[in-house]
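Below is one structure, written out as structure tokens; comments come after it.
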2 protein chains.
Amino acid sequence: MGHGVTDPLPPIQTTARDDAVLKALAGFVRQEALGPGQKLPTERILAERLKVSRNTVREALTRWEGLGLVERRQGSGTYLKAAVSPDMLHMPLTLAGGNDFAGLMRTLEIRRALEAEAAALCAVRAGKAEVAEIERKLDIMEEAFHSRAGMSSEEDWEFHQSVYRASGNPLFEQIISAMHELFHRFWEHPLGVRDFGHASFPYHRTIFDCIAAHDPEGARAEALKLIATVENDLKRGAANLKLLDRR
Amino acid sequence: MGHGVTDPLPPIQTTARDDAVLKALAGFVRQEALGPGQKLPTERILAERLKVSRNTVREALTRWEGLGLVERRQGSGTYLKAAVSPDMLHMPLTLAGGNDFAGLMRTLEIRRALEAEAAALCAVRAGKAEVAEIERKLDIMEEAFHSRAGMSSEEDWEFHQSVYRASGNPLFEQIISAMHELFHRFWEHPLGVRDFGHASFPYHRTIFDCIAAHDPEGARAEALKLIATVENDLKRGAANLKLLDRR
DNA sequence: GTGGTTCAATGGTCCAACCAATTTCTACAC
DNA sequence: GTGTAGAAATTGGTTGGACCATTGAACCAC
């Protein structure tokens, strides 16, 4: 591996319009101190200000959208989805497979590893504000559970996200979010398992208790138990639908 | 899916054009059995065949380019850079300020989680052949260590990869590989730590012993110790280079 | 062969519309 | 005044056509 040696003849870069657009845009975001959720200028305005075609602006924004940095809503505008800075490092990862049961189980193994570590880190690092935020999400989730008599995937997900955020490492949320999306794609046809996720309910509070008590190993253990219930539900669903031999 | 003689590039119908374009293209790549390095149809042809504007084709290809799946060469064509399949899971990771020490530590936290889980799974699932392969890599690494009196990142990496493979889940290798690449980019300016990685050496064999003994919790614990030594080396390097306050 | 020239193919950029979803404003009924 | 349905403006999505810049192959002079 020839590291440490710069290429004596690096290829020259003549045209890189959309790259330049992204650089300018990143600088703009920083100057205006824009954060997640905030709206950035119209494509037409960007095109005019940067003196490039709207098409070029669109290609640049398409790249950011693909990286999950930005969300475009037709008729509304383009919104920041994450913090952007001029010195970001992108690591697009595409994984083959994942639509079948085995693929889903594989993603769940990754999630088990990350969920446990995130919970443990969270127990170490979460401050008072973060703990309060997690408890707020937990209360909302429990309330939804009791009023609807079942797990609500929306509120459940919000709870987990608040844990990832409090871990102090945004990569946890990024990676698990990608997998969560896959989950939803699979899940659109309900697996025929009644009370799916029901068994995972109590562990949400035990995880929170460990986090609040700053007990990393306890949080890790409870998180592992939670994932185990999901794996179990999934296996039941697969058996129901006879998906095990699907390719 | 019994398509007997379907048009390899059927026209697009629904909204969400560029997504549909990518889906159609992925199907086309599969039918034509195209692999990395091969050229795919020109934008103009794709636009005509899919009954879509060339701009839409370009937006779709821009997305693939951003994901590293495809490379466009002006005047030449668009070439596949990786295997694509209709059921891919995209996991774009962006590291804010990926050049600094904190960013590197964040990737290491992910690696710690995955490394430990992979080692544990490996201890459960590795068969005789896998164990033999891991031991072979370990021997090579130890031999290189003694002959060169220091860690060899190449052989070290091969050992770890063999563990990931034996975990039975290819996602471990893919994700950690991406982070490993990031590591190397950072490493191009050596951190000025002599004997970097030296402390991690003995744990390679202890991990192997646990795997061979099918002791998942032991393997997990040893893997965590190994990562801890790397983190420690990294902190020493950061202190040396006074990178801690770099933004 | 070597080195230029020409020329067609291909991705990159631009423009000017129009479409579709969303938001905002307005006018009307009550 | 209030509420609401509908018109109008805003904004991203798509189209078609044009031209530029780079590439690569065929061709030619030497």
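Protein chains get the first letters and strands the later ones, always in sequence-line order, with residue 1 at the start of each.
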Exercise. Please report the C-alpha distance between A:Arg112 and A:Glu231 in whole Å, then the side-chain angles of each, then the deciding distance to 0.1 Å, and finally whether the salt bridge (charged side-chain N to carboxylate O under 4.0 Å, His left out) criterion is met.
Key: CA-CA 10 Å; A:Arg112 177 172 54 196; A:Glu231 283 180 342; 3.5 Å; yes
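- With rounding to whole Å, B:Arg73 atom CZ is found 15 Å from C:dA9 atom C1'.
- With sequence neighbours excluded, the residues forming a salt bridge (Lys or Arg N to Asp or Glu O under 4.0 Å) with A:Glu142 are A:Arg205, listed by chain and number.
- You'll find the ring centres of A:His204 and A:His160 inside the 6.0 Å limit.
- Ring planes of A:Phe201 and A:His146: perpendicular class, angle over 60° (limits at 30 and 60°).
- Within residues 53-72 of chain B, the residues having any heavy atom closer than 4.0 Å to DNA chain D are, in order of number, B:Ser53, B:Arg54, B:Asn55, B:Thr56.
- Here A:Arg72 pairs with A:Glu43, A:Thr62, A:Glu65 under the side chain to side chain donor-acceptor pair (under 3.5 Å) rule; sequence neighbours left out.
- Within a heavy-atom distance below 4.0 Å of DNA chain D, the residues of residues 39-49 of chain A found are A:Thr42, A:Glu43, A:Arg44.
- For the pair B:Ser76 and D:dT22, the criterion of a side-chain N or O lying under 4.0 Å from OP1 or OP2 is not met.
- Side chains of A:Met179 and B:Met91 form a contact here, defined as non-hydrogen atoms less than 4.5 Å apart.
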Exercise. Apply side-chain hydrogen bond (donor to acceptor under 3.5 Å, both in side chains) to A:Tyr164 and A:Glu115, showing your working.
Key: CA-CA 8 Å; A:Tyr164 308 148; A:Glu115 188 90 27; 2.6 Å; yes
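- Checked for salt-bridge contact, A:Lys128 and A:Glu130 miss the test: no charged N lies under 4.0 Å from a carboxylate O.
- A salt bridge is absent between A:Glu155 and A:Lys137; no separation between the charged side-chain nitrogens and carboxylate oxygens falls under 4.0 Å.
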Practice problem: Take A:Asp139 and A:Arg136 through the salt bridge (charged side-chain N to carboxylate O under 4.0 Å, His left out) test and state the conclusion after the steps. | Solution: CA-CA 5 Å; A:Asp139 288 340; A:Arg136 200 174 66 82; over 6 Å; no
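- The two residues A:Ser200 and A:Thr229 have their closest heavy-atom pair at CB-OG1, 3.3 Å.
- The distance between atom CD of A:Gln74 and atom P of D:dG12, rounded to the nearest whole Å, is 10 Å.
- With axes fitted over five pairs at each extremity, the angle between the ends of the helix from C:dG1-D:dC30 to C:dC30-D:dG1 is 10° (10° resolution).
- Looking at A:Thr42, its side chain never comes within 3.5 Å of a backbone N or O of A:Arg44 through a donor-acceptor pair.
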Contacts under 3.5 Å, N or O only, protein and nucleotides 3-8 of chain C:
none

Self-check item: Pair A:Arg106-B:Glu117, salt bridge (charged side-chain N to carboxylate O under 4.0 Å, His left out): steps then yes or no
Solution: CA-CA 12 Å; A:Arg106 282 196 289 269; B:Glu117 186 73 19; over 6 Å; no
